[in-house]
Amino acid sequence: MEYRFHEIEKKWQQYWEDQQIYKVEVDPDKPKYYVLDMFPYPSGAGLHVGHPLGYIASDIFARYKRMEGYNVLHPMGYDAFGLPAEQYAIQTGQHPATTTDENIRRYRAQLSQIGFSFDWNRELRTCDPKYYKWTQWAFIEMFEHWYDNKRDQARPIQELKDIFAREGNAHIDAASDEVSLFSAEQWNNMSEKQQQQILQNYRIAYLADSMVNWCEALGTVLANDEVKDGVSVRGGHPVVQKTMKQWSLRVTAYADRLLEGLEQLEWSESLKEIQRNWIGRSRGAEIRFQVQGSSQTFDVFTTRPDTLFGVTFMVLAPESELTRQLTTSEHQDRVEAYVGKATSRSERERITDTQRVSGEFTGNYALHPFTGEPLPIWVSDYVLIGYGTGAIMAVPAHDERDHEFARHFDLPIRPVIEGGGDPMEKAYDSLDGKVINSRFINGYTAREAIPEIIKELEKQGLGKEKVNYRLRDAIFSRQRYWGEPFPIYFKNGMPYPLDKSKLPLELPEVDAFKPTQDGRPPLARAKNWQTEEGYPLEESTMPGFAGSSAYYLRFMDPHNNQALVSEQANQYWRNVDLYVGGIEHATGHLIYSRFWNKFLYDIGWVCEDEPFKKLINQGMIQGRSNFVYRIKGTNQFVSYNLKDDYDVTPLHVDVNIVDNDVLDIEAFRKWIPEYQDAEFILEDGKYICGVGIEKMSKSLYNVINPDDIIQKYGADTLRMYEMFLGPIDMSKPWDTNGIDGVYKFLRKFWRLFHDRQGQFTLSDDEPGEDEMKTLHKTIKKVREDLEAFSFNTAISAMMIAVNELSSMGCNRRQILMPLLRLLTPFAPHIGEELWHRDGNQTSVVDAPLPDYQEKYLQEETFTYPVAFNGKMRFKLELPVDITEEKVREIVLNHEKAQKWLNDKTPKKFIFVPNKIINVVV
RNA sequence: GCCCAGGUGGCGGAACUGGUAGACGCGUUGGACUUAAAAUCCAAUGGCCAUACGAUGGCUGUGCGGGUUCAAGUCCCGCCCUGGGUACCA
């Protein structure tokens with residue numbers, strides 16, 4: 001019987017489901033291993049061949065760990081809230097829940113065909129109220145906690161209230177917004193509303209006026225990671241900066257821990273680097289400047305306090321409150337005009353326009369903290385409101401941007417570090433030069449001067465050491481429908497959390513999914529969107545990353561209605577041992593879920609500080625596009641190698657009607673009506689298409705659907721071919737042409753177990769030495785490659801084994817059955833079929849992975865390459881335990897050596913045992 | 001601009017701590033089997049050159065230019081290119 005993959009795959013998928021083979025439970029007798037994929041957003045387009053790449057890799061690893069005796073948790077679910085379903089709903093009126101549900105069903109069907117070892121009992125979707133109950137729950141917890149910098153931990157807000165009532169806020173060191181000092185007495189005399197207002201400054205989930213990214217086209221604000229190059233990541237719509245009252249999560253409180261936690265993680269260096277840059281920790285000083293003729297002061301942040309004596313002017317961000325306060329009346333009109341222009345520009349315009357220097361003098365001066373020299377205060381858009389204090393001290397001699405600004409407005413440039421060239425020409429930013437013209441820090445190098453001047457600033461109360469982060473708090477409100485409602489109501493204008501017993505607060509029905517006439521979010525359309533007592537509920541919903549921030553915890557205990565995860569389940573599964581997903585989540589999901597997890601850790605709900613111990617980024621599968629070349633102004637197409645003789649337009653052609661770059665002309669004529677009468681100029685009777693590597697996309701006609709591949713070759717072939725394509729973490733183009741190789745391999749493998757008549761036959765004869773050697777070296781290699789996630793080379797090794805065993809005519813049970821177990825993680829269907837054909841009654845999924853024995857790998861001889869002056873000339877088989885003297889004698893007297901020795905005595909003889917022999921002449 | 005990856009045949013990709021470059025697979029060419037096709041199997045396959053033919057020999061070759069070494073795809077220096085991150089972050 002031949003290899004009938006359709007039959008086999010269907011049969012065993014059914015068996016696995018019927019027998020609940022992949023169902024897992026907490027089992028204290030077994031070590032746990034948690035393998036997780038980044039769960040997909042179920043889009044309307046379904047899966048293409050690039051999506052399962054990571055799932056296949058993680059599935060192979062999960063199966064491998066299971067065969068090694070681990071209790072493996074390997075779940076799958078859906079990140080089901082999101083913009084595409086809602087945009088579609090706005091266009092069609094179709095409820096996003098309906099389209100989402102349809103898409104999920106399609107995903108599930110596609111995934112099921114590939115033969116994953118998912119425990120579908122644990123399937124979850126973020127839009128399910130039973131799930132988002134816990135998203136809302138976590139939000140309330142964040143609302144009810146503040147961050148204590150002294151303990152480096154989130155603590156209940158009630159504690160903070162107690163402290164305020166006892167001693168005011170003077171001794172609190174919290175991650176908070178700027179709060180003025182108050183005493184216990186003042187606190188106790190405040191109204192409820194005033195107290196609530198103060199507490200907002202401390203809460204980890206807080207409502208505040210903040211500068212947000214407003215996207216008009218999507219009708220919502222976006223977080224920093226959802227904006228790139230000044231446009232929204234989803235949809236590419238323009239984004240502007242705007243001040244709005246919005247919910248935020250105080251991610252910055254955890255900046256240091258997010259940074260330091262990276263050290264212990266097994267993530268790729270580049271991913272860690274992206275997170276480090278995103279967090280952007282920099283150490284420097286905060287320095288206080290006094291405004292001339294006023295008692296007012298303001299702070300600036302600088303990483304170069306050593307250049308303090310080189311300050312010649314100050315610059316404020318246009319959006320800064322200080323700009324308004326410090327502008328003198330004579331300069332009011334001009335500054336206002338400038339600020340108006342700067343702030344109305346979109347982010348995109350601002351970015352594309354970074355070269356042009358612009359600014360305005362406020363008319364006011366600040367005093368140098370040490371010299372008392374008056375320094376003009378300017379306003380310019382090169383200073384950002386979001387970083388540091390929104391104000392800088394400008395040192396044009398040693399900062400490129402300040403230099404450009406000074407040159408443009410003809411402001412003085414005063415060098416204080418030795419070693420640069422002409423200070424008028426170029427800013428010199430090295431830390432190695434000697435400090436000059438700087439009083440008490442003269443003579444130090446710039447690097448040494450930094451702690452010295454900070455010491456002095458602190459002594460005189462003029463400033464202090466300061467660590468600054470680029471990371472911003474996460475804006476958590478979206479003015480959209482298809483997301484989690486906030487469990488928040490408003491009383492007297494202040495937000496209060498719903499009682500947890502009221503959760504989940506379910507998404508209400510609305511008559512349309514767009515904003516109201518007066519610009520309020522879609523939830524404002526809901527009838528009775530208020531509490532039982534009649535207090536209005538929050539109208540925004542949560543962003544996409546809300547639901548994905550703790551889903552890995554929910555998978556541990558997905559049906560628990562009492563808690564996000566039970567203590568028992570959490571203690572057992574702990575955290576994710578292996579996480580597989582795309583690098584595009586580096587600054588979003590992977591920051592937020594680490595933050596979320598650390599918060600839950602602080603409040604004692606989870607037992608691990610980091611959620612994802614090891615992480616593998618799978619590369620993108622690119623599309624391999626084919627092109628035809630139409631001669632301009634005709635309906636004539638010319639084959640690839642002849643196209644240069646004509647004036648042609650390259651056109652994408654559906655890769656599904658091209659085989660090995662040869663166009664199926666009949667299919668092409670039928671493909672699009674306008675090509676019906678197309679004519680062709682052929683080469684060798686064929687039409688050869690051009691090739692290009694692009695991203696896989698419908699519009700480029702290069703999408704390969706896994707369903708089609710499975711239909712033609714089977715799931716095992718698809719799984720193996722995706723892995724065989726190359727290392728998992730590299731991007732590579734999909735080219736269906738190569739798939740024959742692994743398909744042939746599986747058939748060849750199958751044939752080893754069958755005789756000529758197709759009868760399953762294995763022999764119990766003792767295997768020969770060469771057979772044992774093939775088996776054991778393959779086990780060794782595949783095991784090493786599994787650990788190293790080098791699945792492409794593991795597959796090559798098994799191909800080599802099958803080639804060798806085929807030519808030996810091996811059909812020994814002792815060889816083939818271990819080899820089968822080795823193959824099973826990669827190709828589980830064929831594994832299960834042959835396992836059962838051999839008479840086993842239980843699933844191969846729990847069969848142990850074979851071990852190799854060193855004794856079969858030992859060699860008695862080694863074939864040495866013999867090189868002369870580093871060039872390999874001939875090979876020589878020698879015993880492995882031979883001495884150098886003996887080798888020397890044999891080599892130098894070898895007849896083939898004479899030609900290279902040329903009667904000369906060798907200068908040097910190099911012998912590296914079991915590696916190489918090199919003779920230097 | 002800065003930071004991080006990476007550049008190896010016609011293609012996807014191998015090559016452990018420097019030690020036979022091109023494993024494995026695709027494609028291509030030739031052959032066997034077949035009435036034929038499919039399937040299967042065998043052989044060749046980086047480039048260039050020489051040669052009497054065969055299982056012959058040489059030169060050259062891992063983005064480019066230098067260097068270290070008995071030996072460099074691998075290490076060092078200086079460039080170029082591709083991909084990703086970031087974008088006035090003080």
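Here is how names work: the chains are called A, B, and so on, in the same order as the sequence lines, proteins then strands, and each is numbered from 1. Side-chain atoms are counted along with the backbone in the values below, which use heavy atoms only and exclude waters and symmetry mates. Remember, predicted model here, so these are calculated numbers, not experimental data.
Taking the centre and axis of the six-membered ring of A:Tyr338, the NZ or CZ atom of A:Lys341 falls outside the cone set by 45° and 6.0 Å. Taking the centre and axis of the six-membered ring of A:Trp278, the NZ or CZ atom of A:Arg594 falls outside the cone set by 45° and 6.0 Å.
Contact annotation: side chain of A:Asn737 to base of B:rC11, donor-acceptor pair absent below 3.5 Å.
Applying the side-chain hydrogen bond (donor to acceptor under 3.5 Å, both in side chains) test to A:Glu263 and every residue at least two apart in sequence or in another chain returns nothing.
Checking B:rC24, B:rU40, B:rC26 against every side-chain atom of A:Arg747, the shortest atom distance belongs to B:rU40. In this structure, the nucleotide among B:rA90, B:rG19, B:rG12 sitting nearest to the side chain of A:Phe724 is B:rG12. Nearest to the side chain of A:Pro727, among B:rA14, B:rC88, B:rC24, sits B:rA14. When the nucleotides B:rU86, B:rG19, B:rG27 are ranked by their closest atom to the side chain of A:Val912, B:rG19 comes out on top.
When each of A:Ser731 and A:Ile916 is assigned the nucleotide of RNA chain B bearing its nearest heavy atom, the one mapping closer to the 5' terminus is A:Ser731.
Among residue pairs with one or both ends in residues 906-915 of chain A, none qualify as salt bridge (charged side-chain N to carboxylate O under 4.0 Å, His left out); sequence neighbours excluded.
Taken together, the paired segments of RNA chain B that extend over three or more consecutive Watson-Crick or G-U pairs, each closer than 3.5 Å at both contacts, are B:1-7 with B:80-86, B:10-12 with B:24-26, B:27-32 with B:40-45, B:46-50 with B:56-60, B:63-67 with B:75-79.
With C1' as the reference atom, B:rG31 and B:rU20 are 30 Å apart, rounded to whole Å.
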